[in-house]
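Worksheet: the structure to be examined is printed underneath.
As the structure is a prediction and not an experimental result, all values here were calculated from the model. Start at 1 and go down the list; that is how both ligands and their atoms are numbered.
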Amino acid sequence: MAQLWGGRFTKETDQLVYNFNASLSFDQKLYKQDITGSMAHAAMLAKQGILTQQEKEEITAGLQEILKDIEEGKLEFSPEYEDIHSFVESNLIAKKGEVGKKLHTGRSRNDQVALDMKLYVRDEISEIDGLLKELLTSLLHIMKENLHTYMPGFTHLQKAQPVTVAHHFGAYFEMFKRDRSRMQDVKKRLNLCPLGSGALAGTTYPLDRAYTAQLLGFDGPTLNSMDSVADRDYLIELLSGLSTIMMHLSRFCEEIILWNSNEYQFVEIDDGYSTGSSIMPQKKNPDIAELVRGKTGRVYGALMSMLTTMKGIPLAYNKDMQEDKEFTFDAIDTVKGCIALFNGMISTMEFKKENMENSAKNGFTNATDAADYLVNHGVAFRDAHGIVGRLVLFCIEKNCSLDDLTLAEYQEISPVFQEDIYEAISMKNCVEKRNTIGAPGTEAMKEVIGIQEKYLEEN
Ligand code: ARG
C-alpha cells in the first residue's frame, strides 16, 4: 500500500478497506491526462517562482519517463497504489527523489481528478465526433445512391405514404447531426480548467490559473473552487448525449431487424455482420443490430447511475464521486463500439429495391394522392377523403390496388376521375412530386443532400 496520506494515522488501513477505497484498477485509464496535467502544473509553478527552472525540468523529465514506461509496458499498474494520482506521484519520487515530492504543491487530488476527467472526456468527445462523422458520410452515400428507391413510409407501423430510402436514411442523418452538435455543446461548457482549486478553497500560493488553463487548451479557469471540485454536470450531459445517440442507433437497428426479416425482405444484412443458429441450419440472425439495441440499456443505466450518485452530495468533493468513472468509461467505450459496428453493418447491407417498391405499391400508400387529385379538380378535401375511402373499401373487397381499378369503377364512385388518375397516383408521381423542402421528392432531396454535403465539408 503506497498511500500519500499516512502521516496522521496510527494504524495500517485494513486490506478490505484499502481495496474498497482504491480506484487504480479503473482510473488507470487516466494516466495520460494525469501526466499532462502534472506537467502543466509544474510549468506554472516554475513560472511563478514556486519551483526553480531546474526542478521543473527534472519533474517534467520524470513524468515523460513514466509516460514512456507505461506505454512500453515497463511500468505496471500494480495494486499497491491507491489511484492513478498516487501512482504517478510515487513513481516520480522513485525516479527523481526529493524533487518529485514538490509536484503536489498547491494541488489536491480533488482538483487533479476533476481536471483529468475533463481532459479525458474532451478527447473522447473528439473521437465520438469522428465516428459520427464517418457514419454520416456512409448515410449520405446511401442517400445519394437511393434517390429513386421507393419504399413504404410508415405511421403506427402501418403503411402510410411512399417515401424513398434516401428520405428514410435522411431522417437518421438529421438525428446523428444533432448528436454531434450535442457533443460539441458538452465540450464547450466543460472547457474551463479546475486545476488550482485545491481541495475546495484554492491555495495561498500565487498560482497562475489562467496560465495552466491556457497550457491545457481550456477557455479559462473555473470561477468557483468549490464548484470546480464538485461539478460533474458535464458527465451527466455527456451521458445524456450518449444515451440519445444509443436511442437513435437502437431505433435504426429495430428498423433494420424488421427489414431484414423474412416478412419484410427489404434488406439483407451481410454475412459478415450476421450470425447463425446452433440448432436451426436455415437461420441467419441480425445479432449485431440486436446487440446495439440491447446495449442501449447499459448506457441509459450509466446516466441514471450518475444522476443518482450526484443527487445527495453536499459541497464540495465527496468520495461518492469516484463512482463517476467506471460507468462513464463503459458508456463511452460502448457507444464508440456501437457506432463503428453499426456503420460497418449498414455500409455492407444490401437493399432489395424491388421488394421495397412492391411493398410500397400495396397498402394504398397512394390514397392521399388520389384524394389530392380530386381536390385539384375542385372537390373539397373532406369529400375527397370520403370518396377515396369508399374506393379503398371497394379495392379491399376486390383484393386489388387503386392502380388496378378500371376508369369505369372510379367513375362509378365519382365522375370527377379521368384517365389521368393513373398517372397522378403512380409511385413515381406520389414520391417525386413531393418537393417541399424536407420531403422525399427528387428535387427537394437533391437540395437537402447538397446542404448535408456542405455541412460535412465544413464540420
Ligand atoms: N480517486 C479519487 C476519485 O476518483 C480521486 C480524488 C481523491 N480525493 C480524495 N480526497 N480522496 O474521485
(message) Heavy-atom pairs closer than 4.0 Å: do any link ligand 1 to the side chain of Gln112, the backbone, both, or neither?
(response) neither

(message) Within the 4.0 Å heavy-atom shell around Ser23, which atoms of ligand 1 are there?
(response) 1 (N)

(request) Could you tell me the residue and atom name of the protein heavy atom closest to atom 12 (O) of ligand 1, and the distance to it rounded to 0.1 Å? (result) Tyr317 OH, 2.5 Å

(request) Output yes when Lys101 and Glu89 qualify as a salt bridge under the 4.0 Å nitrogen-oxygen rule, no when they do not. (result) no

(message) Tell me the contacting part of His85 for ligand 1: side chain, backbone, both, or neither, using a 4.0 Å heavy-atom threshold, strictly below.
(response) side chain

(message) Parallel, tilted or perpendicular: which one describes the rings of Phe169 and Trp259, with boundaries at 30° and 60°?
(response) parallel

(message) Looking only at side-chain N and O atoms, does Ser359 offer a donor or acceptor that is under 3.5 Å from a partner on Lys159?
(response) yes

(message) Whether Lys95 and Asp69 form a salt bridge (side-chain N of Lys/Arg under 4.0 Å from carboxylate O of Asp/Glu) is what I want to check.
(response) yes

(request) Do me a favour and list the nearest non-hydrogen protein atom to atom 11 (N) of ligand 1 with residue, atom name and distance? (result) Arg109 NH2, 3.7 Å

(request) Show which atoms of ligand 1 fall inside a sub-4.0 Å distance from at least one heavy-atom site of Gln322. (result) 1 (N), 2 (C), 3 (C), 4 (O), 12 (O)

(message) Among all protein heavy atoms in this structure, tell me which lies nearest to atom 8 (N) of ligand 1, with the distance rounded to 0.1 Å.
(response) Asn110 OD1, 2.9 Å

(message) I'd like to know if Lys188 pairs up with Asp185 as an ion pair, taking the criterion as any Lys NZ or Arg NE/NH1/NH2 lying under 4.0 Å from an Asp or Glu carboxylate oxygen.
(response) yes

(request) Would you mind checking which non-hydrogen protein atom is closest to atom 4 (O) of ligand 1, with the distance to 0.1 Å? (result) Lys325 NZ, 2.5 Å

(message) Less than 3.5 Å apart, any donor N or O on the side chain of Ser126 or Asp123 sitting next to an acceptor on the other?
(response) no

